[in-house]
Amino acid sequence: MKIATWNVNSLKARQDHLLRWLKEFTPDVVLLQELKGAEDSFPFMEINAAGYEAAVVGQKTYNGVAILSKTPIVVTQRRLPGEEEDEQARYIEGIVQGGSQSVRVGCLYLPNGNPAPGDKYDYKIRWMRRLYAHARELLKTDEAFVLGGDYNVIPEASDVYDPSKWTRDALFLPESRNALRCIVNLGLTDAFAALHPGGGRYSWWDYRAGSWDRDEGCRIDHLLLSPQAADRLTASGIDKTPRGWDKPSDHTPVWCELKCGVN
DNA sequence: ATGGTGGCGGTGCCA
């Protein structure tokens with residue numbers, strides 16, 4: 001099964017791109033971020049007509065996440081546990097059927113955190129600690145799961161075109177990178193990095209200053225696999241195609257393929 | 001160059 005993550009930067013503005021990409025790439029499961037709309041504005045009819053179920057946590061103007069799946073979705077979380085007063089729509093989790101097995105997928109939109117230092121950066125770090133705690137709970141189940149989304153963290157210097165320009169940015173500060181490393185070190189596998197060492201491959205390019213044309217981006221969208229999911233990993237990649245379309249999102253899809261059979 | 005672009009919503013905020 002092909003599982004992808006894509007920050008669409010407004011689903012209303014990107015609906016045509018999404019439907020075109022679903023048709024051309026034929027993913028089984030898609031994790032969407034930055035819908036920028038409430039749940040009642042979600043295009044359920046069009047998504048269903050394209051062959052996908054949808055589970056949505058929406059929010060007016062900001063954030064918003066969704067899981068699309070060709071097979072039914074059993075929603076297990078609509079918020080990231082650990083901070084009840086956090087109303088931002090940044091996490092949804094569910095179980096989908098993949099061949100003979102089921103896979104749990106968590107779709108996350110991790111806070112950007114800029115400017116740092118400040119309240120927004122503190123919120124980002126708290127959110128990452130909550131994600132760490134939740135991942136640790138999920139690992140106790142010994143099941144196949146994927147935590148995917150816009151992590152808003154550049155893991156390594158090789159994952160950004162010019163690290164010296166990012167030293168004070170919340171996406172590249174040591175505390176952010178260390179918090180991501182702690183999550184990975186619980187025993188998760190970065191599906192893209194595991195099969196494509198060396199860096200220099202990006203999932204986001206700034207709209208400004210011709211970043212896309214110069215291929216000056218960074219890799220901030222990740223699919224982290226539990227050991228049981230990593231055992232089934234056969235391929236992964238970054239599909240740059242929709243970033244080249246007219247009026248694109250600033251992000252492009254990152255995907256992985258898990259074989260359906262047993263180990 | 002203390003800039004630049006895009007989405008939302010109708011002004012600045014957020015990324």
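When reading the values below, keep in mind they use all heavy atoms of this one structure, side chains included, and skip hydrogens, waters and symmetry mates. Since the structure is predicted, the reported quantities are computational estimates derived from the model, not experimental observations. Numbers restart at 1 for each chain; the letters A, B, ... are given by sequence-line order, proteins then strands.
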Applying the 4.5 Å side-chain criterion to the ILVMFWY set and letting contacts propagate, would [X] and [Y] be lumped into a single cluster?
{"X": "L110(A)", "Y": "L223(A)", "value": "no"}
{"X": "L180(A)", "Y": "L139(A)", "value": "yes"}
{"X": "L35(A)", "Y": "I92(A)", "value": "no"}

>> Taking salt bridge (charged side-chain N to carboxylate O under 4.0 Å, His left out) as the cut-off, I'd like each qualifying pair that reaches into residues 89-98 of chain A, sequence neighbours left out, listed once.
In response: E93(A)-R104(A)
Over how many whole Å does the gap from [X] atom [atom1] to [N] atom [atom2] extend?
{"X": "N63(A)", "N": "dG7(B)", "atom1": "CG", "atom2": "C1'", "answer": "13 Å"}
{"X": "Q59(A)", "N": "dG7(B)", "atom1": "CD", "atom2": "C1'", "answer": "14 Å"}
{"X": "D119(A)", "N": "dC13(B)", "atom1": "CG", "atom2": "P", "answer": "15 Å"}
{"X": "K165(A)", "N": "dG3(B)", "atom1": "NZ", "atom2": "P", "answer": "17 Å"}
{"X": "Y62(A)", "N": "dA15(B)", "atom1": "OH", "atom2": "C1'", "answer": "10 Å"}
{"X": "K60(A)", "N": "dG10(B)", "atom1": "NZ", "atom2": "C1'", "answer": "11 Å"}
{"X": "D246(A)", "N": "dT5(B)", "atom1": "CG", "atom2": "P", "answer": "16 Å"}
{"X": "R90(A)", "N": "dC14(B)", "atom1": "CZ", "atom2": "C1'", "answer": "10 Å"}

>> If the cut-off is 4.0 Å, is R14(A) near the phosphate of dG6(B), judged by side-chain N/O to OP1 or OP2?
In response: no
> Any side-chain N or O of K120(A) under 4.0 Å from OP1/OP2 of dC14(B)?
Replying inline: yes
>> Please report the distance separating the P of dG12(B) from the corresponding atom of dA1(B), rounded so that it comes out in whole Å.
In response: 28 Å
Starting the side chain at C-beta, find the nucleotide from [options] nearest to [X].
{"X": "E34(A)", "options": "dC14(B), dA15(B), dC8(B)", "value": "dA15(B)"}
{"X": "K247(A)", "options": "dC8(B), dG7(B), dA15(B)", "value": "dG7(B)"}
{"X": "N112(A)", "options": "dA15(B), dC8(B), dC13(B)", "value": "dA15(B)"}

>> I'd like to know whether D86(A) forms a salt bridge (Lys or Arg N to Asp or Glu O under 4.0 Å) with R126(A), so could you lay out the CA-CA distance, the side-chain angles of the two residues, the decisive distance to 0.1 Å, and finally the verdict.
In response: CA-CA 11 Å; D86(A) 182 4; R126(A) 285 204 310 279; over 6 Å; no
>> If you take the centroid of each ring, where Trp contributes its six-membered ring, are W245(A) and W21(A) closer together than 6.0 Å?
In response: no
> Among residues 203-218 of chain A, which contact DNA chain B at a heavy-atom distance under 4.0 Å?
Replying inline: Y207(A), R208(A)
>> Need to verify one output field. Residue with the more 5' nearest nucleotide on DNA chain B, N9(A) or Q88(A)?
In response: N9(A)
Compile the donor-acceptor pairs under 3.5 Å between side chains in residues 42-56 of chain A and protein atoms, sequence neighbours left out, one pair per line.
residue: N48(A); atom: ND2; partner: F44(A); partner atom: O; Å: 3.3
residue: Y52(A); atom: OH; partner: P27(A); partner atom: O; Å: 2.6

